[in-house]
Each structure stands twice: as structure tokens, then as C-alpha cells.
2 protein chains.
Amino acid sequence: MATLKDVAELAGVSVKTVSNVVNGYSFVKPENERKVREALAATGYKPNVGARNLRRGRTGFIALMVPELSIPYFGELAGGVITAAHAHDWSVLIEQTHGLRDPEAATLASLGPHMVDGAIISPEALHTQDFTRNPTDVPMVLLGEHSLDVPIDHVGIDNVQAARIAVRHLIDLGRTRIAVVGQNPSRGTATQRLAGYHSALADAGLPAPPPGYIAPAAHYHHRDGAEAMARLLALPEPPDAVFCFNDMLAHGAVRAAAERGCNVPRDIAVVGFDNTEHSKYSLPSLTTIAPDKAALAKAAVELVHQRANGDVSAVRDVQIPFTLQVRESTSG
Amino acid sequence: MATLKDVAELAGVSVKTVSNVVNGYSFVKPENERKVREALAATGYKPNVGARNLRRGRTGFIALMVPELSIPYFGELAGGVITAAHAHDWSVLIEQTHGLRDPEAATLASLGPHMVDGAIISPEALHTQDFTRNPTDVPMVLLGEHSLDVPIDHVGIDNVQAARIAVRHLIDLGRTRIAVVGQNPSRGTATQRLAGYHSALADAGLPAPPPGYIAPAAHYHHRDGAEAMARLLALPEPPDAVFCFNDMLAHGAVRAAAERGCNVPRDIAVVGFDNTEHSKYSLPSLTTIAPDKAALAKAAVELVHQRANGDVSAVRDVQIPFTLQVRESTSG
DNA sequence: CTGAAAGCGCTAACAG
DNA sequence: CTGTTAGCGCTTTCAG
């Protein structure tokens, strides 16, 4: 592979001059520029990014830590992050944690300051001390909700309020036996959505739900939603509405209901969370909380970018808007 | 940030010794090792990956180029690649191209040899000359089908055969008016699946389909499938079965059919391609070609790994197994 | 077993 | 406007 020096020799100038034209710096004598460009083309020179970064003290990468790319919500989010990062000449390095604490902590620890210029993380099981034990000076932003008490920038939506609106919608439909699917004490998002649920119930003067109505889910895949729905329908008094903590749970729940001859929305209304692409086209289409994912991704990238450029102002908490998309799964 | 030198000074030894214990090399005098470890802990030393790689001539990254992470198939695939890459201490850098030639070519050109140790690419619109114009010595493997005549390792499934099996299944069901959705001359996969379709029809002695039965799709999202199905159903003689070139097209098509009072599978049977997680839980669940995605990802990573380690044997073409998952969308 | 010193490819002072 | 030179932090001969 050709180096700067090779090009310089071939062009009969110094490396500095070559470096100058490569980087578009200062003014280079036209004739030299021409010679350099020829040499550049002749050698097929490509800068060694590693060496350049070592010198400049930046790496050109940011890390994105998510539970699983196979969850459409995170796939969509990751796509948005990659797009937003490009605006700052960043490439995105993606790590998966499966929402487990150990991989999350390990990823955090591996974020050497010379590996990435910043990181966007969506932890699900991380504890506060995982941060303090391994302090790093890589600018980080938390994407999505969390129950961590750490001085780190955060961008997300108001989960409590979103859950309240979702449940309120169900109440407005006249449903009174409302269950949730996705309870998981180790997930910050779940805790907040559960709080919103309780608050909506209380606001409407509805009685506290029986314990069986708070259905847990270890993971947030279709299968978990289906299993939860099966348990819900086996209850002595099954719910007439279910608020699922993500769309996959909801789709799994809808199918489980259908398999048991239970019509959605007539017998049971279902609301999801995330508004993944599929939810607009499923049968029935899914009513769901729709966060502005592109805005979420963009805000996160902008925040790390500011921090990476030396912004040391107070910790920020950015709230991104969301809407409730009403569709067939609650239209009856 | 602490450097090797800092640690060495604190421990009262040379950088070599510190480097040795950090890398687990050779035998270090126990006492020195102890001192070094203490200094390591005290300073919170983390190696500068950039510098190390500059020296070692490897970067620790591989690039993965896909159309869109928001397409569940690629989300699942990318997840598999990240997992497989970890086994070789690689982090994965993901680039999106939206299936467009310019971003694809640009990504290819940016693959400086010092940026990544290898690349796994799923091009959709790239031309042969985009490769030859920008030769790079980064080991690459093509993931998925393509119609490129380039000497590059390839891993994929037998698309022609898969399509043939899918269509054959429809024929076995007694369907005779079989359409396809997803035709797109610039996509290698589409061309191959179309060939399989024609071949299955011919094998069964069925007449060549009317031109309207080959429904094009610019993109492979739900919306495109829905639009194609709408057109198909408006035909004077609508099909009684549709083979869609991916699951999202299929789900979009199913919904469009339902919206027009057309029952799947009774009035029209639908087969998809990719077996994304959703297809097992949709209503109706979707019959689809199921490639072994984990194997696909793993084979691709292994291949770049071998090449990155100097394997210069002949260009390989790895075929990964697939199955036909028969579900409700064709069970009638 | 360990220290000194060279140098990976590049950029940024600093002189000219 | 351009050449020289000193490192960025690390690994690695090469001597001890």
C-alpha cells in the first residue's frame, strides 16, 4: 500500500506538500498540486485512517450499544443513528448485549477512549455502579429510558406519559379490565410504563388491577407476548384490553388471542409500543405509541457530537415527541 | 489517559516489561509482574487500540454493508454477523446503502485497507466495474445473491432452487394462476428468484404467466407489496397464488388482499422469503423460504477471517441450507 | 528475563 | 508556499 512518503517521492515534493493537498489545506503551488495529484492517482494512495487518527486524537467511530439488532425497533433506531452519524463523518460500530448486564458492562468497559469518539448506549440491565466502577472519558449518551442515577446525557421519550396516554385510550373505549404485558423489574422502560399504567387507572377511578393482570416478560419477543396472553386468557376473569410494552409482544399477544377464538379488538383490545413498520400492516393493524425514531437517533448523535467537541455544559435530558397511532386493534 | 510509559514509570520498569504483561507475553519476573499490575490498576490503564493496530497492521474492525437495518432480515443478519465476529475479536462497523448504487460504490471506495480488516457486503445495485475501478486489498465476501462477475468469495443460498421450491409448493396446492411480487432488474436476488419461478412453472407444464403477473417492486417494504397486490387483484384474471420475494412484501400483500375482501389462503395463497421472526406470528402466519441466517452470517465471517489471515486459495462459493416453512398462508 | 531504540503512517509546529 | 522534524502510543528487534 502506498504511503504519503511514496507519493511524495514520486511527485518530487515533501510529505508536507502531499499532506496539504490530500487534506485540502493552505495554498499549494499549482504545478506542485498537479504533480501530487498525478502521483496520487498513479499510486492509488489511500490515507491510513489509523495513523491519521492516532495523530489527530480522534478515531472517526462512535459506538452504538443495543440489546439486539433483530428487534425491529432497534434495527430502525440503528439505521437512524448511522444516517445521523454520517453528517459528522462518523462510522458506527454496533455492539449487542441481549439486554444482559454482563455484556452491557463489558461493552462499557471496552469503550477505550482511543477506540471511539463517543458512544450511544441503550442499557437494559446495567446498574449505576457499572458506570462508576469503570469511568471513561468517552462522551456517552443514554438512549431510551433507564432508572440509572448517573450524570450522563439522556435522550428519550416520556415513557410514563406515553403509557398513560395508551391506557387512557383503552379506558376511553370503555374497557375496564386492562392488563399489561412486559413487566420486568430490571428494565427501566418497563418500570416507567408500568407507572404510567397505574396512574391512568387511578386517574379514571378504576380499581387496582388483580396481580395476574401485570404480566411479566423476560424478553420482548413475539413468543413472550403470546405466552403472556395465554396466561391472561386463562384467568378467571380475563382482561378486555391489554397494553403491551412493545410491538412484538403485542403481535404475539394478538396471535395468541386469535388462536383461542378471541377477537381483537372486539373481545380484547391491544395497544403496543414503538410503532415498528409492521404494525401498520398487520391484521389487525396495531394501535401503538409512536416515538419519533429519526429524531431520537439524531438528537443522540448531536449530543455526543457536542460533547466530543468539548462541550462541558450541564447534563442534558432531551425529550423527543411521540404520538398515539390509533389503528384497528383498538377500533371496536 | 494513562499510557504505557506512565505505567512503566510508576512501576519502575521499562515499557517493554509493561507491554509484556499487558499482552501476556513471555515470562516476566514475578515481582515485576506484581509491580506492573499494581501500576496498571492504579492508573486505570487502557491500551490505545489505534496505536496498537497501527503497529500490528490490523484494525480490529470489519465492515458490514447492508441496504437497511430497518429491514428485519438485515437486522437479524447483522446481529448474527456481530456475534460471529466477536469470536475473532472483531467489532463490526455497519454502513447502509439503501440498495442504491452510489452509496454502495462510495462505501466500497471508502474501505481503506487501514480502516478495516475485512468487509462483508450485500450489494444490490453495484456493477462489476465498481469493483474493478476501485480495487482494494481488503478481504471481502459477498453476502446474498448477486449477478456480478467478480472474483470475490460468496456466501448465500441457492436462490433459483429456493424459488423453485416455493412455487412448486403453490403448484402442489393446485394453484395455477401464480404471480410474483418483487421483480427488479437491478437486484441479483430478484433475477434469480424470477428464474426459479419460471422454471417451476415450466416443470409443471403450466403456461407462461401473463405479463401483469410479474409485479415489480422498487423497494422491498410492506407498502410495495401492498401496492403490487392491489394491481394484481385489479387484473381481469387475478392470480390465485403469489410468491413474494421477501416477507415484508408478502405481509403487505396479505393485508392488501384482506382489505379487498380477499381471503388468504382460500382465495389467494401467499409465500414469502426470509422467514423473519414476524412471519411465524402474523395472521395468517406466513409460509416462507427460511435460510439459515445464523449459518449465513457465520460462514461470511469465517471466510473473511481466513482471507485476512493470508488464505489465498481459489475463490469460494459457499451454499447455505434453507427450508420451506409451510404455514397458514398456504394451508387451504 | 528486561532495557533501549526504532519506527508503523500521519500531522503540525517551525523554520525557511 | 514548502521542507524538516518531532512525536501520537504501541510493539518489536536487538542487545544485554
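We name chains A, B, ... by the order of the sequence lines, and we start the count at 1 in each one.
- The pair B:D311-B:R316 counts as a salt bridge, with a side-chain nitrogen and a carboxylate oxygen less than 4.0 angstrom apart.
- Comparing atom distances between the A:K16 side chain and each of C:dA13, C:dC10, C:dT2 picks out C:dA13 as nearest.
- At D:dT2, one or more side-chain N or O atoms of A:N32 fall inside 4.0 Å of OP1 or OP2 (strictly under the cut-off).
- For B:V13, whose side chain is taken as the heavy atoms from C-beta onward, the closest listed nucleotide among C:dG3, D:dT11, D:dG7 is C:dG3.
- Here B:T17 reaches the OP1 or OP2 of C:dG3: one of its side-chain N or O atoms lies under 4.0 Å away.
- Of the candidates C:dT11, C:dG9, C:dG3, the closest approach to any side-chain atom of A:R56 belongs to C:dT11.
- Atom-to-atom, CG of A:N48 to C1' of C:dT11 comes out at 13 Å; the value is rounded to the nearest Å.
- As a whole-Å value, the separation of B:L4 CG from C:dG3 P is 13 Å.
- Two residues, B:G12 and A:A2, neighbour DNA chain C, and the one matched to the more 5' nucleotide by heavy-atom proximity is B:G12.
- Distance, B:R58 CZ to D:dT12 P: 12 Å, rounded to whole Å.
- Residue A:R52 contributes atom CZ, which lies 19 Å from atom C1' of D:dG9 at whole-angstrom precision.
- Here A:T3 does not reach the OP1 or OP2 of C:dG9: none of its side-chain N or O atoms lies under 4.0 Å away.
- Picking from D:dC8, D:dT12, C:dC1 the nucleotide with the shortest atom distance to the side chain of B:K29 gives C:dC1.
- In this structure, the CE atom of B:M115 is 22 Å from the P atom of C:dC8, given to the nearest Å.
- Across the helix from C:dC1-D:dG16 to C:dG16-D:dC1, the helix axis at one end is tilted relative to the axis at the other end by 40° (nearest 10 degrees, each axis from five pairs).
- Tested against A:V155, the residues A:D317, A:I120, A:L296 include a single side chain to side chain contact (heavy atoms under 4.5 Å, CB included) partner, A:L296.
- For B:F61 and A:F61, the ring centers are positioned less than 6.0 Å apart.
- Residues that satisfy the salt bridge (Lys or Arg N to Asp or Glu O under 4.0 Å) test with A:E9, not counting sequence neighbours, are absent from this structure.
- Remark: P of C:dG9 and OH of A:Y45 are 10 Å apart, rounded to the nearest angstrom.
- In the interface, the side chain of A:R55 is not paired with the base of C:dG9 through any donor and acceptor atom under 3.5 Å apart.
- Scanning for salt bridge (Lys or Arg N to Asp or Glu O under 4.0 Å) contacts around B:R55 gives an empty result, with sequence neighbours left out.
- Atom-to-atom, CG of B:L54 to C1' of C:dT11 comes out at 13 Å; the value is rounded to the nearest Å.
- For the atom pair CD (A:E76) and CG (B:L69), the distance works out to 10.0 Å, reported to the nearest 0.5 Å.
- Between atom CG of residue A:N159 and atom CD of residue A:Q319 there is a gap of 9.0 Å, rounded to the nearest 0.5 Å.
- Salt-bridge check for B:R37 with B:E33: passed, with a basic side-chain N closer than 4.0 Å to an acidic carboxylate O.
- Taking atom CG of A:D6 as the reference point, atom P of C:dG9 lies 8 Å away to the nearest angstrom.
- Close to D:dC10, at under 4.0 Å from its OP1 or OP2, lies no side-chain N or O of B:S19.
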